[in-house]
2 protein chains.
Amino acid sequence: MSEKICFVGSKEPFEYTLSIISGKWKLKIIYLLACMGTVRYGVLKKNIDGITHKMLSSQLKELESEKIISRKEYPQVPPKVEYALTEKGQSLVPLVISMCDWGEMHRTG
Amino acid sequence: MSEKICFVGSKEPFEYTLSIISGKWKLKIIYLLACMGTVRYGVLKKNIDGITHKMLSSQLKELESEKIISRKEYPQVPPKVEYALTEKGQSLVPLVISMCDWGEMHRTG
DNA sequence: CGGTATCCCTCCCGATACTG
DNA sequence: CAGTATCGGGAGGGATACCG
């Protein structure tokens, strides 16, 4: 019996996905954008319990650089910035739904 | 337009799932057990790149307390301990597969 | 209102050693 | 071989202030 991995071929794809969604806040942000569509920064912040200004900024930046979310800035005063899932981000929604489903089935106990 | 969450009802199930799989190593461990079945501690460690003895121990303990994995200790010298997914843990496998699939589709830039 | 910079401290985690 | 305890460094991230 081999000790090597043989589940779905290379482990790299899994690692890649992991690198995208790892971190304390990433999945929560994706989840909220999946729920709420296009949202302003402040609204996002209000809905993520305990996150700080700095953290939210940095996480949004990382997700944007991975093309998971899009950022639209309106050149006005006061500033207004809206975030939304990209197509790539949308493709993660089934995963989020799976997580919700799993949570519903197992949280009691 | 409400600013509240409305995707799949309460957000609690999602949070619960998140609390189970969050952390740098949890998903990787689940992934490996899904791939390899019943595995000894040392084999697990060999296959998780960069994890330390201490970290692996603590993560396994947490997963065990959440009933995601089972731990079987053989009373012998030298000690032998085998880990495997519980039924609850098995139910996370579709999620892991989804992550692999997603990674395969999007890793190339 | 949203982003960035700075300071500073907490606590995570790695290294090491010892036990069964 | 597997688990636990201890210690210490350093990255992560909180608070705050200022800029656009």
Side-chain angles (χ1 to χ4, degrees), chain A residues 1 3 15 18-30 32-33 36-86 89, chain B residues 1 3 15 18-30 32-33 36-86 89:
Chain A
M1 211 172 332
E3 288 179 350
E15 302 285 352
L18 214 47
S19 74
I20 299 271
I21 68 177
S22 70
K24 196 178 173 185
W25 307 106
K26 299 270 183 69
L27 271 171
K28 184 71 183 285
I29 292 170
I30 294 167
L32 282 177
L33 290 177
M36 305 169 80
T38 300
V39 192
R40 293 187 63 169
Y41 175 90
V43 175
L44 219 41
K45 184 164 186 309
K46 236 187 314 199
N47 280 280
I48 303 181
D49 215 48
I51 198 169
T52 61
H53 189 33
K54 181 181 174 181
M55 261 298 100
L56 182 52
S57 289
S58 71
Q59 299 297 292
L60 286 171
K61 213 168 175 180
E62 285 178 32
L63 286 172
E64 191 195 357
S65 77
E66 294 287 354
K67 311 286 186 202
I68 302 294
I69 66 175
S70 64
R71 179 181 184 279
K72 178 159 188 186
E73 183 170 354
Y74 295 83
Q76 64 184 44
V77 174
K80 170 179 172 181
V81 181
E82 287 181 339
Y83 291 92
L85 291 179
T86 61
Chain B
M1 210 172 331
E3 288 179 348
E15 303 285 352
L18 212 50
S19 74
I20 299 271
I21 67 177
S22 71
K24 196 177 173 185
W25 308 105
K26 299 270 183 68
L27 272 171
K28 184 72 184 283
I29 292 170
I30 294 167
L32 282 176
L33 290 177
M36 305 169 81
T38 300
V39 192
R40 294 187 62 170
Y41 175 90
V43 174
L44 218 40
K45 184 164 186 311
K46 234 186 317 201
N47 279 280
I48 303 181
D49 216 48
I51 199 169
T52 62
H53 187 33
K54 180 182 175 180
M55 261 298 99
L56 182 52
S57 288
S58 71
Q59 300 297 291
L60 286 171
K61 214 168 177 180
E62 285 179 31
L63 285 172
E64 191 195 357
S65 77
E66 293 288 352
K67 312 287 186 203
I68 303 294
I69 67 175
S70 64
R71 179 181 183 279
K72 177 159 187 186
E73 184 170 355
Y74 295 84
Q76 64 183 43
V77 174
K80 170 179 173 181
V81 181
E82 286 181 339
Y83 292 92
L85 291 180
T86 61

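The sequence lines fix the lettering, A, B, ..., with proteins before strands; numbering per chain opens at 1.
- Annotation for B:Ser65 and B:Glu62: closest pair OG-O, 2.8 Å, computed over non-hydrogen atoms.
- In this structure, CD in A:Glu15 is found 10.5 Å from OG in A:Ser22, a value given to the nearest 0.5 Å.
- Residue A:Lys45 has no polar side-chain atom (N or O) positioned under 4.0 Å from OP1 or OP2 of C:dC1.
- Taking atom CG of A:Leu56 as the reference point, atom C1' of D:dG14 lies 14 Å away to the nearest angstrom.
- In terms of modelled atom types and a separation under 3.5 Å, the side chain of A:Ser70 and the main chain of A:Thr86 share no donor-acceptor contact.
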Determine all donor-acceptor pairs shorter than 3.5 Å in which one atom belongs to a side chain in residues 71-84 of chain B; sequence neighbours excluded.
{"unit_1": "B:Arg71", "atom_1": "NE", "unit_2": "B:Tyr83", "atom_2": "OH", "d": "3.4"}
{"unit_1": "B:Arg71", "atom_1": "NH1", "unit_2": "B:Glu73", "atom_2": "OE1", "d": "3.0"}
{"unit_1": "B:Arg71", "atom_1": "NH2", "unit_2": "B:Glu73", "atom_2": "OE1", "d": "3.3"}
{"unit_1": "B:Tyr74", "atom_1": "OH", "unit_2": "B:Glu82", "atom_2": "OE1", "d": "2.9"}

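- Residues B:Lys26 and B:Ile21 share a closest heavy-atom pair of CB-O, 3.8 Å.
- The distance from the CD1 atom of B:Ile48 to the CH2 atom of B:Trp25 is 7.5 Å, given to the nearest 0.5 Å.
- Whole-Å rounding puts the A:Leu44 CG to C:dC1 P distance at 16 Å.
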What does nucleotides 9-20 of chain C look like as a protein-contact string, B for base, S for sugar-phosphate only, - for none, at under 4.0 angstrom between heavy atoms? ----BBB----B
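- A heavy-atom distance below 4.0 Å to DNA chain C is reached by none of the residues of residues 65-77 of chain B.
- For A:Leu60 and C:dT4, the CG to C1' distance is 14 Å, given to the nearest whole Å.
- Under the side chain to side chain contact (heavy atoms under 4.5 Å, CB included) rule, A:Ile29 has a single partner from A:Leu85, A:Leu60, A:Ile68, which is A:Leu60.
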List the steps and the verdict of side-chain contact (heavy atoms from CB on, under 4.5 Å) for B:Lys61 and B:Ser57. CA-CA 6 Å; B:Lys61 214 168 177 180; B:Ser57 288; over 6 Å; no
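- Within the structure, a side-chain polar atom (N or O) of A:Arg40 is placed less than 4.0 Å from OP1 or OP2 of C:dG2.
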